[in-house]
Amino acid sequence: MPDNKKMIITSALPYSEAIPHIGNFVGSILPADVFYRYTELAGYDSIFICGSDQHGTPIEIRALKEGVAPERLADSVHERMKEIFGKFECRFTYYGKTHSESNKKAVYEIFGALERNGYIKSVESVMPYCNIDKRFLTDRYIEGKCPYCGFEGARGDQCDNCGRLLTPGELVDPYCGLCHNKDIEFKKTMNLAIELDKLQPDILEFVKGRMGSWSKNAANKTISYLGQGLEAREITREMKWGFPVPKEGFEDKVFYVWFDAVIGYIGISMEWSDKWKDYWKNPETRLIQFMGKDNIEFHTMMWPGLLIGANLGYVLPHTIYAYEYLTAKGLKFSKSRGVGLNMENALEIADADYWRFALMYLSPENSDTDFTIALFVDIINKVMNDKIGNYVHRVLTLLKNSKLRVEDLKTDIGQMPKAIKLRESYVNNFEGFRIREALRDLVAIADLGNEMISNKKPWEIVGKDGVLPGNEENARSMLGSLVRLVYHIGMLMWPFAPEASKKILRRFGVEKPGISLLDNEIEALDLEGLEPIFTKFSEKQLKKLEKFEES
RNA sequence: AGCGAGGUAGGGUAGUCUGGAGUGCCCGCCGGGCUCAUAACCCGGAGACCGGUGGUUCAAAUCCACCCCUCGCUACCA
């Protein structure tokens, strides 16, 4: 139940190299958005912060290859992502980006504090250096022959042929992955690192106090990592693209992308509004963070570690919720391997509401979940259409035929214990981050409605042209109850399928949905131009989809 | 190899923390009902040695040990 505490909801920042696929979406931004919409529905004072993660090697290298400035490349992808998230009805309070003045300010502030407080040290490493390109090469961008299987073209991090993890020094006859010359030498270089080992006791205390409300995978993985002991982690890199390090001797380096990406939550909020402080510097605020399971250690240890070390009064994460993966035919969705469906293509198949609903219905909250078109179509046709859409439509049609007016309807929710129970379950499930279960509760309300119709047989007392004489009282309470459930569905559907929700609520004159409204009498009823709120996939579309799945 | 997550009817899941008759849900299947509705809806039924083996217990899907299988992470990707 809502209290007066503020809430910051974040999704892991999507990397702006390419358009995310639906696996990325369902694993972070979608649940964050759905949860944020729930907090609005429940009446919390919450903000939803996200943005594009723009720094890092892949973008710099790609920009180099395409002959454009990294910033231009990152910004163009950022604009496309912003647009596509908008099309998916994501309701960010603010969607920013990491390459911004405000984020630079936040990064410098936190770095400065960490240094002042004695948590930064320099570490020496030896890295391959290309004398032609005049730059250090990260593991991915040095290539050569695999020392194990002899494969030509193995990368410094891994051999694609035998799958072994490698280090650049192991490669036989290494060459630069950019210019393909062999004029490479291994040179010493210095980088800055955050001393997580020093922060370990504080991080451990933080984790112990909070992990009760984390997802199982996040909690267990963190315990396991902490048991092994944290080590200093580098926060600077040998690159041009990023924020220059403001420290003598390191000016030619930039901050490592993970460092300014997590700080981005703050930096982006700063750009949003002066009100950012009311949330970030308020010890009561709950910071709720959604992400894929690959992001766990950054959020449970490194990010809290740097906040604790900086000691600037920023709130620490309250809830960390990490999602498993959506897979396609058992394979992890992957841009590089061409597995899965990107968000732009997805909209050619179905509108945002359908994707949001179906993806949350399949949400990989507890384990990897296999996505198939057949399953997707099933959810749309059977669940959204046959259960929910059809229920809403049959009730509204009955109501229209009955010619009853809104003030005739008796809609005493107190007489509907099952509906109240489902509504409570919906709220409890959201509060416990069991979002998929909350969605099941919503579906169960439609099930309840369909069952009520069968039991009460309203067609026996409502004709095509009004209520049959002598049945007025009965019709008023019967239809009142049925429409009450439609009202509930419209309201509780809002986090999942906002467009359909709006379509329903508009008929009841509700502009801004809220759970507290569910106890009020329905005040308006507009039954003009009734049509089903969802439509099914036709046989024709199905065949098209099957072809799509083949490729 | 280490670590994390899973293995429950034909398929997909919940239940496992906090042991108590295999209990629930979705799809599919079989039978019946209904006609307000999107050929939709409702009711009933069949279908599971709860991955395996051993142990603890009056009692194990649930706790313990070992084993088998799947996925993921162990990246100078974020």
Side-chain angles (χ1 to χ4, degrees), chain A residues 12-17 53-59 98 125 127-128 136-142 155-158 165-168 191 215-225 227-228 234 237-239 256-258 261-262 291-298 322 324-325 327 330-332 335-336 361-362 364-370 372 374-375 378-379 381-387 389-402 434 436-437 440 443-444 446-447 449-464 479 482 530-536:
Chain A
L13 309 184
Y15 194 63
S16 48
E17 190 194 4
D53 180 8
Q54 300 187 290
H55 293 143
T57 318
I59 287 173
T98 55
S125 54
M127 286 184 69
F136 283 96
L137 299 171
T138 59
D139 287 5
R140 287 176 80 103
Y141 296 106
I142 178 166
R155 291 192 318 264
D157 57 342
Q158 186 169 25
L165 299 181
L166 304 174
T167 59
N191 272 293
S215 60
K216 202 166 162 180
N217 52 3
N220 290 348
K221 205 167 181 181
T222 302
I223 295 167
S224 158
Y225 273 113
Q228 292 161 34
E234 290 182 20
R237 301 284 282 123
E238 321 286 348
M239 295 172 59
Y256 198 158
V257 59
W258 74 262
V262 290
M291 70 208 64
K293 63 178 165 185
D294 51 342
N295 246 319
I296 290 173
E297 58 176 305
F298 290 94
E324 299 286 325
Y325 285 135
T327 57
L331 295 169
K332 180 187 169 185
K335 290 172 213 168
S336 54
Y361 200 84
L362 293 170
E365 279 177 19
N366 301 324
S367 60
D368 289 351
T369 303
D370 205 37
T372 63
L375 218 46
D378 233 27
I379 294 165
N381 285 358
K382 308 266 177 198
V383 183
M384 297 179 79
N385 279 277
D386 292 350
K387 282 178 187 293
N390 183 40
Y391 175 70
V392 169
H393 193 243
R394 63 199 296 211
V395 171
L396 295 181
T397 304
L398 272 170
L399 209 52
K400 189 168 188 180
N401 291 344
S402 77
R434 293 177 299 270
R436 193 181 51 196
E437 292 307 306
R440 304 291 167 126
V443 176
D447 285 337
N450 281 320
E451 189 188 327
M452 278 172 63
I453 293 184
S454 284
N455 292 340
K456 298 195 174 187
K457 306 185 186 358
W459 53 86
E460 289 178 351
I461 60 171
V462 178
K464 289 281 178 199
L479 293 184
L482 294 176
L530 278 187
E531 56 177 35
I533 53 168
F534 298 122
T535 48
K536 291 194 195 189

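We name chains A, B, ... by the order of the sequence lines, and we start the count at 1 in each one. The structure presented is a predicted model; accordingly, all values stated were derived computationally and were not measured.
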Task: Complementary nucleotide for B/A59 - Watson-Crick or wobble, under 3.5 Å - done: none
Open item on the list: Would you measure the distance from the P atom in B/G22 across to the matching atom in B/C50 and give it in whole Å?
Closed with: 9 Å
- [ ] Using the C1' atom as the reference point in each nucleotide, state the distance between B/C30 and B/C68 in Å, no decimals.
- [x] 36 Å
- [ ] Please work out if A/G389 contacts a base, only the sugar-phosphate, or nothing of the nucleic acid, heavy-atom cut-off 4.0 Å.
- [x] base
Open item on the list: Do A/N385 and A/P532 make a side-chain contact, defined as non-hydrogen atoms from C-beta onward lying under 4.5 Å apart?
Closed with: no
TODO: Please determine, for B/C49, whether a Watson-Crick or G-U wobble partner exists with both distances under 3.5 Å, and give it or none.
DONE: none
TODO: May I ask which nucleotide in the shown strands pairs with B/U13, Watson-Crick or G-U wobble, both distances under 3.5 Å?
DONE: B/G24
TODO: Test A/D294 against A/Y325 for side chain to side chain contact (heavy atoms under 4.5 Å, CB included), laying out the working first.
DONE: CA-CA 9 Å; A/D294 51 342; A/Y325 285 135; 3.2 Å; yes
Task: Which residue lies more 5' along RNA chain B, comparing A/K293 with A/R434 via nearest heavy atoms - done: A/R434
Task: Among B/C76, B/U38, B/G4, the one nearest A/N390 by side-chain distance - done: B/U38
- [ ] May I ask you to verify if any side-chain N or O of A/K216 is less than 4.0 angstrom from the OP1 or OP2 atom of B/G6?
- [x] yes
- [ ] Have a look at A/P458 and say if it touches a base, only the backbone sugar-phosphate, or nothing, with a 4.0 Å heavy-atom cut-off.
- [x] nothing
Open item on the list: Taking the minimum atom-to-atom distance to the side chain of A/D378, which one of B/C77, B/C27, B/C76 wins?
Closed with: B/C27
Open item on the list: Strictly by Watson-Crick or wobble contacts shorter than 3.5 Å, is anything paired with B/C41, and which nucleotide is it?
Closed with: B/G33
Open item on the list: Just to be sure I understand the rule, does A/R436 reach a base, reach only the sugar-phosphate, or reach nothing, if contact means heavy atoms closer than 4.0 Å?
Closed with: sugar-phosphate
- [ ] For A/I379 and B/G11, give me the distance from atom CD1 to atom C1', rounded to whole Å.
- [x] 13 Å
Task: Spacing of A/E324 atom CD relative to B/U13 atom P, expressed in whole Å - done: 12 Å
- [ ] Answer with base, sugar-phosphate or nothing: what part of the nucleic acid does A/K536 contact at a heavy-atom distance below 4.0 Å?
- [x] base
TODO: Between B/G51 and B/C71, how far apart are the C1' atoms? Round to whole Å, please.
DONE: 15 Å
- [ ] Could you check how far CG of A/N217 sits from P of B/G6, rounded to whole Å?
- [x] 8 Å
Open item on the list: Please give the distance between the C1' atoms of B/G24 and B/U62 as a whole number of Å.
Closed with: 16 Å
Open item on the list: Taking the side chain as everything from C-beta on, heavy atoms only, tell me whether A/N450 gets closer than 4.5 Å to A/R394.
Closed with: yes
Open item on the list: When the P atoms of B/C41 and B/A46 are compared, how many Å lie between them, rounded to an integer?
Closed with: 22 Å
Task: Pair partner, B/C71 [Watson-Crick or wobble, under 3.5 Å] - done: B/G4
TODO: Grab the CZ-P distance between A/R394 and B/A40 for me, whole Å please.
DONE: 13 Å
Task: C1' spacing across the pair B/G31 / B/G47, given as an integer number of angstrom - done: 15 Å
Open item on the list: Within the 4.0 Å heavy-atom criterion, would you say A/T57 contacts the bases, only the backbone, or no part of the nucleic acid?
Closed with: sugar-phosphate
- [ ] Find the distance A/K382:NZ to B/A39:P and express it as a whole number of Å.
- [x] 12 Å
- [ ] Give a yes or no on whether a donor-acceptor pair under 3.5 Å exists between the nucleobase atoms of B/U38, that is its base, and the side chain of A/N385.
- [x] yes
Task: d(CG, A/D294; C1', B/C3) in whole Å - done: 16 Å
- [ ] Kindly say whether A/A261 contributes a backbone atom to a donor-acceptor pair with the side chain of A/T98 at under 3.5 angstrom?
- [x] no
Task: Rounded distance in Å between the P positions of B/U18 and B/A9 - done: 26 Å
- [ ] Ignoring the backbone of A/S224, work out which of B/U38, B/C3, B/C27 is nearest its side chain.
- [x] B/C3
Open item on the list: Does B/C42 have OP1 or OP2 under 4.0 Å away from a side-chain N or O of A/K387?
Closed with: no
Task: Interatomic distance, A/K216 atom NZ to A/K221 atom NZ [nearest 0.5 angstrom] - done: 15.5 Å
- [ ] Select one nucleotide: of B/G72, B/A14, B/C73, the one nearest the side-chain heavy atoms of A/Y225.
- [x] B/C73
Open item on the list: Just verifying a value: how many Å separate A/N191 CG and A/R237 CZ, rounded to the nearest 0.5 Å?
Closed with: 7.0 Å
Task: Proximal nucleotide (of B/C36, B/A14, B/C41) relative to the A/K464 side chain - done: B/C36
- [ ] Please lay out, stage by stage, how A/Q54 and A/L13 fare under the test side chain to side chain contact (heavy atoms under 4.5 Å, CB included).
- [x] CA-CA 9 Å; A/Q54 300 187 290; A/L13 309 184; over 6 Å; no
Task: Nearest-neighbour nucleotide for the A/E451 side chain, B/U38, B/A40, B/C42 considered - done: B/C42
- [ ] Please work out if A/Y256 contacts a base, only the sugar-phosphate, or nothing of the nucleic acid, heavy-atom cut-off 4.0 Å.
- [x] sugar-phosphate
Open item on the list: Please report the distance, rounded to the nearest Å, between OH in A/Y361 and P in B/C25.
Closed with: 12 Å
- [ ] Please step through side chain to side chain contact (heavy atoms under 4.5 Å, CB included) for the pair A/D447 and A/Y391, ending with a clear verdict.
- [x] CA-CA 8 Å; A/D447 285 337; A/Y391 175 70; over 6 Å; no
TODO: Looking at every strand, decide which applies to A/F136 at a 4.0 Å heavy-atom threshold: base, sugar-phosphate, or nothing.
DONE: nothing
TODO: Take atom CG of A/D447 and atom C1' of B/A37, then tell me their distance rounded to the nearest Å.
DONE: 16 Å
Open item on the list: Would you measure the distance from the C1' atom in B/U8 across to the matching atom in B/C26 and give it in whole Å?
Closed with: 15 Å
Open item on the list: Side-chain N or O of A/K221 versus OP1/OP2 of B/G72: is the shortest distance under 4.0 Å?
Closed with: no
Task: From B/A37, B/C76, B/A14, nucleotide with atom closest to A/H393 side chain - done: B/A37
Task: Nearest to side-chain heavy atoms of A/W459, which nucleotide of B/C34, B/A37, B/C26 - done: B/C34
Open item on the list: Checking contacts here: which listed nucleotide (B/G4, B/A37, B/G72) is nearest the side-chain heavy atoms of A/N220?
Closed with: B/G4
Task: Check: A/R440 side chain, B/C25 base, donor-acceptor under 3.5 Å - done: no
TODO: Would you kindly compare A/I453 and A/D386 by the position of their nearest RNA chain B nucleotide and give the one closer to the 5′ end?
DONE: A/I453
- [ ] Could you check whether A/N450 gets within reach of a base, just the sugar-phosphate, or nothing at all, counting any heavy atom under 4.0 Å?
- [x] sugar-phosphate
- [ ] Could you walk me through whether A/L399 and A/L482 pass side chain to side chain contact (heavy atoms under 4.5 Å, CB included), step by step?
- [x] CA-CA 9 Å; A/L399 209 52; A/L482 294 176; over 6 Å; no
